[in-house]
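Data block below; observations after.
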2 protein chains.
Amino acid sequence: MDTGDRLLTPGEVAALFRVDPKTVTRWAAAGRIGSIRTPGGHRRFRESEVRALLEGEGMLDEAEETERPRNTGPAAPTGPGPGPANAGMY
Amino acid sequence: MDTGDRLLTPGEVAALFRVDPKTVTRWAAAGRIGSIRTPGGHRRFRESEVRALLEGEGMLDEAEETERPRNTGPAAPTGPGPGPANAGMY
DNA sequence: GCCCAATTGGGTAATTTGGGTA
DNA sequence: ATTGTCCAAATTACCCAATTGG
(Lines give C-alpha, C1' and ligand atoms only; values in the text may rest on other atoms or scores of the structure.)
Protein backbone atom coordinates (compact mmCIF):
# COMPACT_ATOMS: atom_id res chain seq x y z
CA MET A 1 0.00 0.00 0.00
CA ASP A 2 1.41 3.22 -0.89
CA THR A 3 0.25 5.30 1.95
CA GLY A 4 2.31 7.91 0.27
CA ASP A 5 5.23 8.86 2.38
CA ARG A 6 6.08 11.29 -0.30
CA LEU A 7 6.31 14.87 0.70
CA LEU A 8 4.50 17.66 -1.03
CA THR A 9 5.53 21.25 -1.39
CA PRO A 10 3.24 24.04 -0.18
CA GLY A 11 2.47 24.90 -3.77
CA GLU A 12 1.33 21.38 -4.56
CA VAL A 13 -0.88 21.19 -1.49
CA ALA A 14 -2.30 24.56 -2.38
CA ALA A 15 -3.11 23.34 -5.87
CA LEU A 16 -4.82 20.25 -4.48
CA PHE A 17 -6.99 22.33 -2.20
CA ARG A 18 -7.43 25.16 -4.66
CA VAL A 19 -6.14 27.68 -2.19
CA ASP A 20 -3.24 30.03 -2.01
CA PRO A 21 0.11 28.65 -0.81
CA LYS A 22 -0.04 31.24 1.90
CA THR A 23 -3.16 29.60 3.20
CA VAL A 24 -1.42 26.26 3.42
CA THR A 25 1.37 27.88 5.36
CA ARG A 26 -1.20 29.34 7.68
CA TRP A 27 -2.68 25.88 8.27
CA ALA A 28 0.70 24.54 9.13
CA ALA A 29 1.42 27.42 11.47
CA ALA A 30 -1.89 26.82 13.20
CA GLY A 31 -1.14 23.14 13.60
CA ARG A 32 -4.11 22.11 11.49
CA ILE A 33 -1.85 20.07 9.27
CA GLY A 34 1.41 18.35 10.04
CA SER A 35 4.46 19.87 8.52
CA ILE A 36 8.08 18.93 8.16
CA ARG A 37 10.60 21.71 7.92
CA THR A 38 13.60 21.53 5.73
CA PRO A 39 16.85 22.74 7.23
CA GLY A 40 16.31 25.83 5.15
CA GLY A 41 13.03 26.58 6.87
CA HIS A 42 10.62 25.63 4.11
CA ARG A 43 7.74 23.28 4.79
CA ARG A 44 6.94 19.89 3.35
CA PHE A 45 3.67 18.03 3.84
CA ARG A 46 2.92 14.35 3.86
CA GLU A 47 0.88 13.31 0.91
CA SER A 48 -0.94 10.72 2.99
CA GLU A 49 -2.16 13.35 5.38
CA VAL A 50 -3.17 15.68 2.61
CA ARG A 51 -5.09 12.93 0.88
CA ALA A 52 -6.81 11.99 4.09
CA LEU A 53 -7.91 15.56 4.50
CA LEU A 54 -9.11 15.70 0.95
CA GLU A 55 -11.16 12.54 1.16
CA GLY A 56 -12.34 12.53 4.71
CA GLU A 57 -14.30 15.70 4.57
CA GLY A 58 -16.64 15.02 1.78
CA MET A 59 -18.47 11.89 2.70
CA LEU A 60 -21.24 12.11 5.22
CA ASP A 61 -22.73 15.08 6.90
CA GLU A 62 -20.09 17.08 8.57
CA ALA A 63 -21.76 17.07 11.91
CA GLU A 64 -18.52 16.10 13.53
CA GLU A 65 -15.22 17.75 13.07
CA THR A 66 -12.13 15.93 14.15
CA GLU A 67 -10.60 18.16 16.71
CA ARG A 68 -11.19 21.76 16.06
CA PRO A 69 -10.03 24.11 18.80
CA ARG A 70 -13.17 26.01 19.52
CA ASN A 71 -13.24 29.70 19.81
CA THR A 72 -11.81 30.83 23.05
CA GLY A 73 -14.00 33.67 23.99
CA PRO A 74 -17.57 34.76 23.98
CA ALA A 75 -17.89 34.69 20.28
CA ALA A 76 -21.49 35.31 19.45
CA PRO A 77 -21.53 34.87 15.74
CA THR A 78 -24.76 36.55 14.90
CA GLY A 79 -23.47 36.81 11.42
CA PRO A 80 -25.14 34.11 9.41
CA GLY A 81 -22.98 34.51 6.41
CA PRO A 82 -20.30 31.91 5.85
CA GLY A 83 -17.89 34.61 5.03
CA PRO A 84 -14.21 34.26 5.58
CA ALA A 85 -13.78 35.52 9.06
CA ASN A 86 -10.26 36.53 8.45
CA ALA A 87 -8.98 39.05 10.88
CA GLY A 88 -5.92 39.51 8.79
CA MET A 89 -3.54 40.57 11.46
CA TYR A 90 -0.46 40.34 9.46
CA MET B 1 18.46 0.04 16.87
CA ASP B 2 20.67 0.83 14.13
CA THR B 3 20.22 4.51 13.87
CA GLY B 4 22.50 3.90 11.00
CA ASP B 5 25.97 5.15 10.58
CA ARG B 6 25.38 4.44 6.96
CA LEU B 7 26.23 7.20 4.64
CA LEU B 8 23.65 8.57 2.27
CA THR B 9 24.29 10.19 -1.04
CA PRO B 10 22.97 13.67 -1.76
CA GLY B 11 20.35 12.12 -4.01
CA GLU B 12 19.06 9.94 -1.21
CA VAL B 13 18.85 12.80 1.23
CA ALA B 14 17.17 14.96 -1.37
CA ALA B 15 14.55 12.29 -1.98
CA LEU B 16 13.86 12.02 1.73
CA PHE B 17 13.33 15.75 2.08
CA ARG B 18 11.63 16.15 -1.27
CA VAL B 19 14.20 18.66 -2.42
CA ASP B 20 16.82 18.73 -5.11
CA PRO B 21 20.26 17.31 -4.51
CA LYS B 22 21.61 20.77 -5.04
CA THR B 23 19.67 21.99 -2.05
CA VAL B 24 21.19 19.28 0.08
CA THR B 25 24.58 20.39 -1.08
CA ARG B 26 23.72 23.90 -0.01
CA TRP B 27 22.74 22.68 3.42
CA ALA B 28 26.10 21.05 3.74
CA ALA B 29 27.86 24.15 2.49
CA ALA B 30 25.96 26.26 4.98
CA GLY B 31 26.81 23.91 7.81
CA ARG B 32 23.18 23.06 8.46
CA ILE B 33 23.94 19.40 8.06
CA GLY B 34 27.12 17.48 8.65
CA SER B 35 28.84 16.19 5.61
CA ILE B 36 31.69 13.87 4.86
CA ARG B 37 33.68 14.50 1.73
CA THR B 38 35.04 11.81 -0.43
CA PRO B 39 38.57 12.32 -1.73
CA GLY B 40 36.95 13.24 -5.01
CA GLY B 41 34.99 16.06 -3.47
CA HIS B 42 31.55 14.49 -3.33
CA ARG B 43 29.56 14.60 -0.13
CA ARG B 44 28.08 11.86 1.99
CA PHE B 45 25.61 12.33 4.84
CA ARG B 46 24.97 10.30 7.96
CA GLU B 47 21.64 8.62 7.92
CA SER B 48 21.23 9.15 11.66
CA GLU B 49 21.56 12.87 11.28
CA VAL B 50 19.24 12.99 8.32
CA ARG B 51 16.62 11.00 10.16
CA ALA B 52 16.94 13.25 13.16
CA LEU B 53 16.23 16.23 10.96
CA LEU B 54 13.46 14.38 9.20
CA GLU B 55 11.80 13.55 12.47
CA GLY B 56 9.99 16.79 12.57
CA GLU B 57 6.68 17.59 14.01
CA GLY B 58 4.48 14.90 12.68
CA MET B 59 0.93 15.28 13.80
CA LEU B 60 1.49 16.48 17.28
CA ASP B 61 -0.39 19.59 18.05
CA GLU B 62 2.41 21.78 17.11
CA ALA B 63 2.06 25.46 16.69
CA GLU B 64 5.48 26.59 17.66
CA GLU B 65 8.16 27.71 15.34
CA THR B 66 11.70 26.72 15.86
CA GLU B 67 13.63 29.88 16.08
CA ARG B 68 16.01 29.90 13.25
CA PRO B 69 18.83 32.36 13.73
CA ARG B 70 20.01 33.62 10.47
CA ASN B 71 23.35 32.69 9.25
CA THR B 72 25.46 34.89 11.43
CA GLY B 73 28.51 32.79 11.62
CA PRO B 74 30.36 29.85 10.24
CA ALA B 75 28.78 26.82 11.70
CA ALA B 76 30.73 23.74 12.43
CA PRO B 77 31.71 22.32 9.07
CA THR B 78 32.07 18.62 9.52
CA GLY B 79 31.34 18.21 13.03
CA PRO B 80 30.77 15.10 14.90
CA GLY B 81 33.91 13.33 14.02
CA PRO B 82 34.53 9.91 15.40
CA GLY B 83 32.02 8.65 17.81
CA PRO B 84 28.28 8.36 18.00
CA ALA B 85 27.96 12.05 18.27
CA ASN B 86 24.45 12.48 17.12
CA ALA B 87 23.60 15.90 15.92
CA GLY B 88 20.25 17.40 16.37
CA MET B 89 20.95 19.03 19.62
CA TYR B 90 19.46 22.42 19.32
C1' DG C 1 -4.00 41.90 -0.23
C1' DC C 2 1.03 43.95 -0.18
C1' DC C 3 6.33 44.06 0.70
C1' DC C 4 11.22 42.06 0.95
C1' DA C 5 14.77 38.49 2.27
C1' DA C 6 15.89 33.85 2.13
C1' DT C 7 15.44 29.38 0.26
C1' DT C 8 14.65 26.44 -3.50
C1' DG C 9 14.73 24.73 -8.30
C1' DG C 10 16.16 24.67 -13.31
C1' DG C 11 19.71 24.94 -16.64
C1' DT C 12 24.54 23.78 -18.46
C1' DA C 13 29.50 22.17 -18.25
C1' DA C 14 33.10 19.58 -15.92
C1' DT C 15 34.47 16.08 -12.52
C1' DT C 16 33.68 11.92 -9.76
C1' DT C 17 31.54 7.67 -8.89
C1' DG C 18 30.10 2.95 -9.80
C1' DG C 19 29.38 -1.12 -12.58
C1' DG C 20 30.48 -4.10 -16.31
C1' DT C 21 33.71 -5.98 -19.37
C1' DA C 22 38.18 -6.91 -21.72
C1' DA D 1 42.72 -13.09 -9.88
C1' DT D 2 44.59 -8.35 -10.75
C1' DT D 3 44.75 -4.39 -13.58
C1' DG D 4 43.05 -1.22 -17.13
C1' DT D 5 39.56 1.04 -19.88
C1' DC D 6 34.81 2.29 -21.29
C1' DC D 7 30.30 4.10 -20.39
C1' DA D 8 26.17 5.65 -17.77
C1' DA D 9 24.63 7.94 -13.72
C1' DA D 10 25.39 10.98 -10.06
C1' DT D 11 27.46 15.10 -8.04
C1' DT D 12 29.55 19.67 -8.11
C1' DA D 13 29.64 24.52 -9.21
C1' DC D 14 28.17 28.60 -11.47
C1' DC D 15 24.30 31.52 -13.25
C1' DC D 16 19.19 33.41 -12.64
C1' DA D 17 14.00 32.82 -11.99
C1' DA D 18 10.31 31.05 -9.03
C1' DT D 19 8.60 29.71 -4.68
C1' DT D 20 8.39 30.29 0.22
C1' DG D 21 8.52 32.53 4.83
C1' DG D 22 7.68 36.34 8.00
Side-chain angles (χ1 to χ4, degrees), chain A residues 4-51 53-54 79 81-90, chain B residues 4-79 87-88 90:
Chain A
D5 291 75
R6 290 171 302 191
L7 299 176
L8 299 175
T9 62
E12 292 177 312
V13 178
L16 287 171
F17 279 99
R18 295 283 286 175
V19 295
D20 203 76
K22 284 285 191 182
T23 303
V24 179
T25 297
R26 204 168 293 131
W27 294 342
R32 288 212 259 259
I33 182 174
S35 61
I36 297 174
R37 308 281 291 229
T38 66
H42 285 202
R43 280 177 248 254
R44 294 286 118 98
F45 304 93
R46 296 191 180 281
E47 186 182 27
S48 55
E49 192 174 353
V50 173
R51 286 199 162 194
L53 289 170
L54 280 171
N86 189 347
M89 52 176 284
Y90 208 44
Chain B
D5 288 71
R6 286 181 301 177
L7 297 177
L8 300 177
T9 62
E12 289 281 8
V13 180
L16 288 171
F17 276 98
R18 185 45 174 107
V19 294
D20 271 5
K22 271 184 304 191
T23 302
V24 179
T25 297
R26 284 183 194 153
W27 296 342
R32 291 196 170 103
I33 182 173
S35 62
I36 299 174
R37 308 277 293 223
T38 66
H42 287 199
R43 292 186 181 88
R44 294 288 123 93
F45 304 91
R46 296 188 180 281
E47 186 182 22
S48 54
E49 189 174 354
V50 173
R51 282 191 175 241
L53 290 170
L54 215 302
E55 288 282 331
E57 36 275 40
M59 43 197 307
L60 311 169
D61 62 324
E62 180 68 55
E64 66 178 84
E65 303 282 325
T66 11
E67 197 65 29
R68 189 172 309 288
R70 289 297 180 228
N71 196 352
T72 40
T78 50
Y90 219 117

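Chain naming here is simple, since letters A, B, ... match the order of the sequence lines and numbering starts at 1 in each. Computed from a predicted structure; not experimentally measured.
The base-pairing partner of C:dC4, taking Watson-Crick or G-U wobble contacts with both distances under 3.5 Å, is D:dG21. Across all strands shown, the partner of C:dA13 is D:dT12, judged by Watson-Crick or G-U wobble contacts whose two distances both fall under 3.5 Å. Of all nucleotides present, none satisfies the Watson-Crick or G-U wobble test against D:dA1 with each distance under 3.5 Å. C:dG18 is paired with D:dC7 under the Watson-Crick or G-U wobble criterion, all donor-acceptor distances under 3.5 Å.
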In B/S/- notation, 5' to 3', how is nucleotides 6-13 of chain D contacted by protein heavy atoms closer than 4.0 Å? -----BSS
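The NZ atom of B:K22 sits 6.5 Å away from atom CZ of B:R26, with the distance rounded to the nearest 0.5 Å.
Following rounding to the nearest Å, B:D20 (CG) and D:dT19 (P) show an atom-to-atom distance of 14 Å. Distance B:L8 CG to C:dT17 P: 17 Å, rounded to the nearest Å. Going from atom CH2 of B:W27 over to atom C1' of C:dT8 covers 9 Å, rounded to whole Å. A straight line from CZ of B:R18 to C1' of C:dG9 spans 11 Å, rounded to a whole angstrom.
For a distance-only test at 3.5 Å, the side chain of B:R26 qualifies as a donor-acceptor partner of the base of C:dG9.
For B:R43 (side chain) and B:A28 (main-chain N/O), no donor-acceptor pair under 3.5 Å exists by modelled atom type.
Exactly one of B:L54, B:L16, B:V19 qualifies for a side-chain contact (heavy atoms from CB on, under 4.5 Å) with A:R44. That residue is B:V19. Between B:F45 and the choices B:I36, B:V24, B:L53, B:L7, the side-chain contact (heavy atoms from CB on, under 4.5 Å) rule is met once, by B:V24.
Taking the charged nitrogens against the carboxylate oxygens, A:E12 and B:R18 do have a contact shorter than 4.0 Å, which makes a salt bridge.
Taking each heavy atom of B:F17 and A:R37 in turn, the nearest pair found is CE2-O, 4.3 Å.
Within the structure, every side-chain polar atom (N or O) of A:T38 is placed at least 4.0 Å from both OP1 and OP2 of C:dT7.
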